Amino acid sequence: MSTYADRLAALRAQLKRDRLDGFVVPLTDEHMSEYVGEYAQRLAWLTGFQGSAGTAAVLPEEAAIFTDGRYTLQVRQQVDGTHWQYVGVPQTSVSTWLATHSTQGARIGYDPWLHTRAWVTEASRALAERGASLVPVDTNPIDAVWPERPAPSDATLSIQDDRRAGQSSAEKRAAIGEWLTERKADAVVLTALDSIAWALNVRGNDVAHTPVALAYAVVHSDGTADLFVAPEKITDAVRQHLGNAIRLHDRRDFADSLRSYAGKRVAADPERAVAAIFDRLDAGGATVLSLRDPVVLAKAMKNPVEIAGHRSASARDGAALARFLRWVEAEAPKGKLTELDCVAKLQGFREATGLLLDTSFDTISATGAHGASPHYRVDAESNARLELGQLYLVDSGGQYLDGTTDVTRVLPIGKPTEEMCDRFTRVLKGHIALATAIFPHGTNGGQLDSFARRPLWEAGLDYAHGTGHGVGAYLAVHEGPQRIATPNYPGGGPAEPLKPGMIISNEPGYYKAGDYGIRIENLILVEERDVPGAEQPMLGFETLTFCPIERSLIVADMLSPAERSWVDSYHAKVLAVLGPQMSGDDLAWLKDKCAAL
């Protein structure tokens with residue numbers, strides 16, 4: 001099965017043996033994770049798609065891959081259109097496509113450990129109208145035809161001690177216990193890997209870029225917990241850290257354990273717990289409460305220790321990125337620098353801090369037309385040289401014990417065009433509008449999203465992704481529930497009021513297909529804001545990311561006096577934060593980049 005066509009054919013043959021007429025392949029794992037371990041990369045193995053969000057549907061004569069606007073270009077570059085139809089979501093859902101393309105009486109398989117119950121209900125209803133049915137499988141048919149499928153990671157857990165977490169696991173579990181008592185519930189099933197890591201003050205190394213361990217947890221109303229994890233992943237130090245209030249079990253025993261809650265009221269998150277978990281709780285006689293994981297909001301509202309840690313990580317990371325940008329500016333005009341060279345060099349600058357544990361996602365190192373694909377990921381095949389007349393976009397971040405970073409900057413290689421500068425300045429104006437927003441308690445990110453888009457809208461332009469996502473504290477670089485997005489863009493959905501302590505990205509952009517991409521991204525902190533004469537409590541943002549914004553791309557005359565003042569003030573802070581970490585030519589370069597407009 002050396003080609004993707006062979007793999008598709010092998011899957012169809014397996015479906016025939018399983019008496020199925022189709023199968024759905026989501027890009028997730030049994031924890032509904034965004035980033036998944038190699039063992040769960042079924043979509044990539046089957047199709048070649050390397051994006052971080054997508055689904056495939058395979059029928060006997062047709063197959064489709066479903067991606068959102070972030071991957072419109074990428075999916076066409078990576079997935080063979082002779083075998084796969086490209087379908088955009090949310091314009092067309094997987095369920096709708098299946099109902100339209102399946103034959104009457106068709107049996108469409110799905111893995112109940114990879115889908116939510118809501119999706120199962122929706123797809124079942126859509127297929128029923130066609131006279132077809134959705135069928136759960138005990139064994140994923142892709143696993144049956146994937147030779148040498150990687151095994152799940154066996155890396156051991158590590159401890160996130162209280163001085164970095166800002167709160168003990170016992171305190172966190174006691175708060176979860178109170179939450180359960182208020183709802184007259186006996187236990188809550190935690191399935192999201194970052195929720196488990198946060199609640200127990202542990203971290204792991206099972207998923208690239210996200211310091212989590214493959215596990216399940218059940219927290220009880222008395223504050224005790226059951227942790228289901230492979231025994232070899234627990235060291236004596238971790239066992240001692242967890243203490244007697246956390247009972248350890250083999251991860252393989254989790255599914256069967258769900259049948260032991262007869263007569264109990266058990267909470268499970270309908271967005272984060274898969275259909276199989278609800279099915280087993282129901283079968284065991286539990287009363288299942290469909291409630292959001294109580295860790296989600298608590299984890300999003302960073303405590304003072306976590307905020308201080310992020311500031312330290314961001315200052316360290318910003319200096320590494322600044323050194324990298326100076327290097328690119330010097331080397332790129334020579335015509336030999338490639339996107340992969342840049343990835344390696346930036347990694348080196350971050351590693352030189354001595355504190356980098358991982359990147360927080362695959363670095364987006366994109367020159368020219370590659371920058372027009374918001375989630376482009378360079379590989380040996382796509383690797384391009386940085387050439388004069390192009391814009392170079394780098395979106396990257398680091399994982400440090402004290403914080404998780406995510407920042408995007410754009411550099412011109414040589415002289416930029418007037419259009420490039422116009423578009424860059426409009427993106428900057430939107431970035432400033434969001435950074436300086438003041439809003440009342442209860443405001444959600446969807447209400448603020450248009451602040452960042454207005455300068456682009458005024459020129460008939462837009463971008464097809466959300467404007468901001470939450471960020472964890474040495475955890476997932478994409479963290480909910482907060483977001484800045486409208487429902488019609490990826491990252492949109494139910495609106496969550498912004499609350500003090502939330503860290504979120506500010507990343508408007510502009511993408512010209514076949515030519516260039518622009519994105520300016522800083523992380524911002526939701527904070528209380530004292531407004532003289534205000535009749536209600538107000539909130540605003542503190543910018544946490546410090547690295548120069550390329551002044552040669554800014555059309556100063558397009559900025560209002562207040563916007564110019566923001567840029568100059570921001571660069572003064574960049575110099576104050578990064579300057580003490582730099583010297584010699586690096587410091588001279590930084591001072592030049594931070595000069596007033």
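Heavy atoms only: backbone and side chains are in, while hydrogens, waters and symmetry mates are out. In this text the structure is predicted, and so the values were computed from the model without any measurement.
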Task: Within 45° cone and under 6.0 Å: R164 NZ/CZ vs Y474 ring - done: no
Open item on the list: Taking R453 first and then E458, would you say they form a salt bridge - that is, a charged N and a carboxylate O separated by under 4.0 Å?
Closed with: no
Open item on the list: Taking ring-ring contact (aromatic ring centres under 6.0 Å, His included) as the definition, give me every residue that meets it alongside W566, ordered by chain and number, with sequence neighbours left out.
Closed with: H431, Y570
TODO: Mind checking ring-ring contact (aromatic ring centres under 6.0 Å, His included) for H310 and listing every partner two or more places apart, or none if nothing turns up?
DONE: none
Task: Interatomic distance, L498 atom CG to I524 atom CD1 [nearest 0.5 angstrom] - done: 8.5 Å
Open item on the list: One pair to check against ring-ring contact (aromatic ring centres under 6.0 Å, His included): Y511 and H465. What are the steps and the verdict?
Closed with: CA-CA 11 Å; Y511 310 91; H465 59 73; 5.4 Å; yes
- [ ] Starting at CG of L448, measure out to CG of N506 and round the result to the nearest 0.5 Å.
- [x] 10.0 Å
Open item on the list: Suppose we call two aromatic rings close when their centres sit under 6.0 Å apart. Are H375 and Y71 close by that rule?
Closed with: yes
Task: Exercise: do D379 and S382 side chains pair donor with acceptor under 3.5 Å - done: yes
Open item on the list: Quick one, H209 and Q399 - any side-chain contact, counting heavy atoms below 4.5 Å?
Closed with: no
Task: Aromatic contact, F541 with F439 (centres under 6.0 Å) - done: yes
Open item on the list: Under a 4.0 Å threshold between the charged nitrogen and the carboxylate oxygen, would K593 count as salt-bridged to E550?
Closed with: yes
Task: Under 3.5 Å side-chain donor-acceptor pair for E339 and H370 - done: yes
Open item on the list: Can you classify the ring geometry of Y516 versus Y510 as parallel (below 30°), tilted (30 to 60°) or perpendicular (above 60°)?
Closed with: tilted
Open item on the list: Counting only heavy atoms from other residues, nucleotides and ligands, does the tally under 6.0 Å from CG of N205 exceed 12?
Closed with: no
